[in-house]
Structures are given as C-alpha cells and as structure tokens.
Amino acid sequence: MNDVSDTRHLTAATREESAQARWARFKPIVTGQDYLDSLRGRNITCYLFGENVAEPVDHPVIRPSMNALKATYDLAVEDPEMATAHSPLINARVSRFLHIVESPQDLVKKNKMQRRMGQITGTCFQRCAGLDTISVLHSITFDIDAKHGTRYHQRYLAWLKLAQTNNIIVGAGMTDPKGDRSKRPHEQEDPDLFMHVVRRTEQGLYVRGAKAHMTGGLNSHWICVMPTMNLGEKDKDYAVVGMVPADAAGLTFIYGRQSCDTRALEKGTIDQGNATYGGQETLVIFDDVFIPWEHVLMDGEYEFAQEMVTRFTAYHRASYVCKTGLGDVMVGAAAAIAEYNGADGASHVKDKLVEMTHLNETIYSSGVASSHEATQLASGIFMNDAMLANVCKHNVTRFPYEISRLAQDLAGGLMVTLPSQDDFEHSVAGPLLEKYFKGRAEVPVEHRVRMLRLIENMTLGRNAVGYLTESMHGAGSPQAQRIQILRGMDVEKKKNYARKLAAIPVKVIS
Ligand code: SF4
Ligand code: FE
C-alpha cells in the first residue's frame with residue numbers, strides 16, 4: 001500500500017464530506033426535467049476539445065447524452081408499469097433501473113424496458129451498467145459477509161435505500177486502463193494503471209487510478225468503482241468496491257469524442273441524423289478520492305473479484321438486448337428509405353428486411369431466454385443464466401454489423417454523398433438539390449434526407465458508437481464471451497451423450 005500524506009490541491013475538509021451530508025444536499029428526482037436540473041452547477045472538472053467545460057448540461061456535444069438518460073425518467077412517468085417496480089426496501093415504486101431483481105420475470109421486464117428505451121433513443125441510454133452493478137453487489141456483499149463476518153451487505157442496503165428514494169443514476173466504474181496486459185496489477189510499472197487503495201483512515205479510504213470507457217460517467221450522480229478482473233493476494237489493495245459521488249473532490253473527467261460529434265456544433269440539426277440523443281463514454285481519473293467506510297463494499301477480499309466480474313457479465317451481457325431497440329429503428333429506417341426511393345415493392349427489399357428482423361429477434365431471444373432461465377442466489381436476488389447471456393452478447397458483437405450493412409444497402413450511396421443542410425438552404429444550390437434529389441413525388445426531399453442522415457448516424461456517425469463499436473466491445477469484447485462459453489459448454493458431458501448413442505462406454509465425469 002502506498003501511503004500518501006498530502007491530499008494534493010484539496011483540503012481534507014473538502015475531500016471528506018460525510019455520506020449524510022451528501023444525501024442531505026440532494027433533491028429527489030421524479031421527472032426528466034428534474035434529472036437535467038440535478039446535473040447543473042456541480043462544478044465538475046470535465047475536459048472536452050482541450051477545454052474544461054463550464055456547464056456540461058449546456059454543451060451541445062454533451063447534451064444529447066444527457067437527453068438519453070432523461071428519457072429513462074420520462075418513460076417512468078409515462079409508462080410506470082414498464083419502467084418502475086415496487087421496492088420492498090422502501091415500500092414504494094422505484095425506477096426499474098434501481099430495482100432489486102426478485103424473479104426471472106423481473107429480468108424479462110427489464111429487457112423489455114431496455115428494448116423500448118433503444119427504440120426511443122436510437123443510442124446507448126447509459127443506465128444499465130449501473131443497474132447491473134447494483135444487482136451484482138447484492139449477492140457479492142452478502143457472500144463476502146458470510147465468509148469474513150464483514151458488514152458490507154447492510155452498508156449496501158442502506159446506500160440502495162437512499163439511491164431508490166432519491167432516484168439517482170449510478171455509473172459502473174469497472175474498466176481499469178490495465179497498462180501492460182502481461183502483468184498483474186501489482187506488477188505494473190505504474191501502480192495507478194489499476195485502481196487501488198492508497199490510504200486508510202478512521203473515516204474511510206482513498207483510491208487512486210482511473211476508470212476507462214465509463215458509459216454515462218459524467219451523467220451519473222454516483223459512480224461505483226470495482227475491480228475489472230481476477231486478483232491475487234498481492235493485488236489486495238486493488239480489491240476495492242466503493243460508491244463515489246460523481247462530483248467528489250479529486251475526480252477529473254475527460255470526454256471521449258465520437259465520430260461526427262462536431263456536427264452538433266453546426267447551426268442546423270438535420271446533418272446530425274439524431275440530434276436529440278447520443279451516448280457518452282468518459283475517462284474518469286481518481287486522484288486520491290475519499291470514500292467513507294459506509295460506502296466501502298469491498299476492501300481487500302481479492303478472492304471475490306473474479307466472481308464479481310463473472311456475475312456482473314451474466315447480468316450485463318443480457319442487458320445488451322438494448323441493441324434490439326436500435327435494431328428496430330434500423331429496420332424501420334431501411335423500410336422507410338426504400339419506400340421514399342420507390343423500391344419498397346421489390347421482393348429483395350422485403351427479403352432484406354426479413355433478414356434484418358431475423359437477426360434482431362435472434363439477439364432478443366437469447367437475451368430474454370437468459371432472463372427466463374435466471375436462478376436465485378444465496379442473498380435472494382436472481383441472476384441471469386450466464387451461458388445464454390454470453391450468447392446474447394456474442395450475437396450482439398456480430399448481428400448489428402450485418403443489420404447495418406443491409407440498411408446501408410437499402411439506403412443507397414446517397415447516404416454518404418449528400419450535401420450539407422446549408423447547401424439545401426442556399427438560394428442557388430437549394431432548388432437544384434430539391435429538383436435532383438426528388439424520389440417519390442409525394443415524399444418531401446427533406447424527409448428523404450433526414451432518413452438517410454439517421455442511417456448514417458447509426459451506422460457511421462455518432463450513434464454508430466452505440467450501435468456498432470459498443471456492441472463489439474461493451475461488456476467485454478467477443479473473445480471474453482468465447483472464454484465464458486468455453487468454460488460453460490460442458491463438452492465432456494456432451495461426449496457422453498454421443499458415446500451412449502454410439503454404444504460406447506460412457507466416461508465417469510468427476
Ligand atoms: Fe444499457 Fe445497452 Fe448502453 Fe449498456 S450499451 S448501458 S446495456 S443501453
Ligand atoms: Fe455498455
């Protein structure tokens with residue numbers, strides 16, 4: 001453990017605000033507007049395009065990502081059956097994004113909500129990794145307590161009650177930068193490449209390091225830091241789980257840019273394709289950030305790190321049914337542009353739409369099957385079937401690419417040769433474009449342009465991050481799922497099925 005005696009540029013008083021003081025300052029959120037209001041004036045350090053952003057809520061590149069989370073609150077108001085659930089913890093209805101899973105049916109309902117949110121936003125709405133973190137902590141804190149006699153589960157439940165009451169967003173701080181992949185955390189030349197505890201006091205502990213690719217990090221109220229992989233005894237100081245307010249002293253956010261993001265800085269909105277919603281990934285640096293003991297949920301129990309990651313991925317890889325909502329938008333956009341082009345009657349067009357739908361529903365079926373097959377853990381919570389969750393996520397690493405290819409096929413090359421909104425509005429160029437980009441007589445040229453820009457946005461532009469690359473690497477890259485599938489596929493048992501039918505003696509499996 002590295003001892004750090006100073007607290008850098010901040011006073012101890014600023015760093016060590018008590019948990020009670022934190023919650024006391026918070027105004028419970030009900031509506032989407034409440035959520036946006038809750039993000040204002042937090043005085044967060046966030047770099048984007050080489051500048052510290054004064055108020056992220058008003059930044060045109062950042063705001064669409066906040067709108068996507070806002071939509072989760074709006075859905076809870078508009079469709080409480082879908083997006084809320086009764087919490088026995090506080091005996092009230094709470095956001096399904098903060099609800100403890102009480103049955104397989106709860107997980108199926110979560111999947112339906114995720115698909116719906118994907119249809120509404122056409123992007124990553126950033127709230128599921130936090131939900132899956134809450135889910136995994138229920139069982140992991142319980143199991144650590146059972147082994148070590150600690151009190152993590154009670155701390156967790158106390159935090160969750162306040163989280164539900166205040167209807168906050170929690171971000172999942174899991175992925176460490178990892179440095180040299182051939183080395184364990186304690187072997188790294190720079191120990192900060194994995195998050196670790198640098199100091200413990202009577203009040204709490206201090207963590208240093210960074211969390212990368214944090215979905216919706218800046219848009220969260222709290223961040224849960226947790227290990228990213230299995231840990232050994234020498235990595236004990238890296239085995240830390242804690243709840244950190246997103247505006248805690250010592251945090252720095254550096255905003256990840258996305259393809260075509262500067263289109264949000266142009267004066268028109270048409271060329272953005274989806275001007276309202278976007279995703280968000282941030283690098284979050286923790287410079288000796290204080291976590292009071294009541295928010296520490298693991299400290300040194302390294303042997304639970306692997307199991308925590310495994311359970312997290314069982315939940316989170318089934319959460320990727322979110323992409324079927326985006327797939328629904330892609331099918332709709334492809335069908336609409338074919339119609340605007342006057343090609344919707346062609347049999348090959350219908351066949352491509354069938355293929356897109358088949359791929360999309362295949363993702364969905366593996367995700368909901370994983371939820372239906374959920375089993376109960378010792379703490380009482382239910383967890384997705386891990387094999388089917390991995391199959392779901394693995395499908396997600398592939399099928400959205402093929403769905404996008406087919407959408408681009410149906411869109412035609414105009415999608416990438418279209419002039420800008422400024423040209424369409426120009427006194428000379430505009431009428432020429434109106435004349436030569438006319439498709440079906442009854443369809444305004446602007447509608448054709450908007451639909452093409454949406455397909456561009458989701459397959460090449462800003463929300464291709466959410467639909468394609470995040471589908472590839474979010475919740476673990478394809479190889480991570482193949483490792484889990486290999487572990488779970490039980491080939492020896494299957495060999496015996498074959499041996500039996502072939503009248504060969506079966507082998508005893510220990
Ligand atoms: Fe939710 Fe999907 Fe975004 Fe993950 S990728 S946070 S599951 S919307
Ligand atoms: Fe993700």
Side-chain angles (χ1 to χ4, degrees), residues 64-76 82-83 95-99 101 107-136 169-175 211-220 222-224 256 258 274 277-282 312-330 360 363-364 366-368 370-371 384 389-390 392-397 399-401 403 458 462-478 480-481:
S65 71
M66 293 173 171
N67 289 342
L69 272 163
K70 175 181 179 290
T72 67
Y73 288 97
D74 291 337
L75 186 67
M82 173 169 277
S95 166
R96 199 172 283 288
F97 285 102
L98 290 166
H99 177 56
V101 181
L107 287 163
V108 174
K109 283 183 177 173
K110 166 191 156 188
N111 294 152
K112 288 180 192 289
M113 172 180 73
Q114 288 168 318
R115 185 168 186 166
R116 182 74 194 107
M117 281 304 309
Q119 293 165 350
I120 291 168
T121 61
T123 190
C124 168
F125 41 89
Q126 310 148 50
R127 210 172 167 181
C128 327
L131 165 58
D132 296 333
T133 300
I134 288 170
S135 299
V136 75
I169 287 173
V170 56
M174 180 172 253
T175 311
K211 292 293 179 181
H213 326 297
M214 200 195 291
T215 301
L218 180 67
N219 296 345
S220 305
W222 288 78
I223 292 168
C224 177
Q258 300 180 326
N274 177 354
Y277 301 112
Q280 178 190 104
E281 307 293 335
T282 49
F312 177 79
T313 52
Y315 286 111
H316 200 43
R317 289 180 184 165
S319 281
Y320 269 67
V321 295
C322 67
K323 303 304 178 202
T324 60
L326 280 70
D328 291 332
V329 177
M330 289 304 307
N360 203 41
I363 294 171
Y364 190 66
S366 48
V368 290
S370 165
S371 296
N384 283 80
N390 277 286
C392 172
K393 175 67 211 332
H394 206 55
N395 287 339
V396 171
T397 67
F399 298 167
Y401 287 86
I403 292 169
M458 294 181 72
R462 184 163 185 186
N463 288 326
V465 176
Y467 191 46
L468 298 178
T469 320
E470 187 177 45
S471 293
M472 175 78 83
H473 294 296
S477 307
Q481 290 110 55

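Atom set for the values below is all heavy atoms of this structure, side chains included, hydrogens, waters and symmetry mates excluded. Nothing fancy with the numbering, it's 1 onward along the sequence. Atoms within a ligand are numbered from 1 in the order they appear, just like the ligands themselves.
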Is any N, O or S atom of C128 under 2.8 Å away from atom 1 (Fe) of ligand 1?
yes

Picking from N390, N384, N111, what satisfies side-chain hydrogen bond (donor to acceptor under 3.5 Å, both in side chains) with S370?
N384

For S319, atoms of ligand 1 separated by under 4.0 Å from a heavy atom:
7 (S)

Atoms of ligand 1 close to H316 [distance to a heavy atom under 4.0 angstrom, numbered from 1]
4 (Fe), 7 (S)

To the nearest 0.5 Å, how far apart are NE2 in H394 and CZ in R317?
10.5 Å

Output yes when a side-chain donor or acceptor of E281 lies under 3.5 Å from a complementary backbone atom of T215, and no otherwise.
yes

Does Q126 use its side chain to pair, donor to acceptor, with the backbone of A68 at less than 3.5 Å?
no

Answer with side chain, backbone, both or neither: which part of C322 has a heavy atom less than 4.0 angstrom from an atom of ligand 1?
side chain

With side-chain hydrogen bond (donor to acceptor under 3.5 Å, both in side chains) as the test, pick out the partner of S65 among N219, T282, T121.
N219

Ligand 1 to E470, heavy atom cutoff 4.0 Å, flagged ligand atoms 5 (S)

Close approach of M117 to ligand 1, heavy atoms, under 4.0 angstrom:
no

Taking heavy atoms and a distance under 4.0 Å, where does Q126 meet ligand 1: side chain, backbone, both or neither?
backbone

Do S371 and K109 have side-chain N/O donor and acceptor atoms under 3.5 Å apart?
no

I'd like to check which ligand 1 atoms, numbered from 1 as shown, lie under 4.0 Å from a non-hydrogen atom of C124.
3 (Fe), 5 (S), 6 (S), 8 (S)

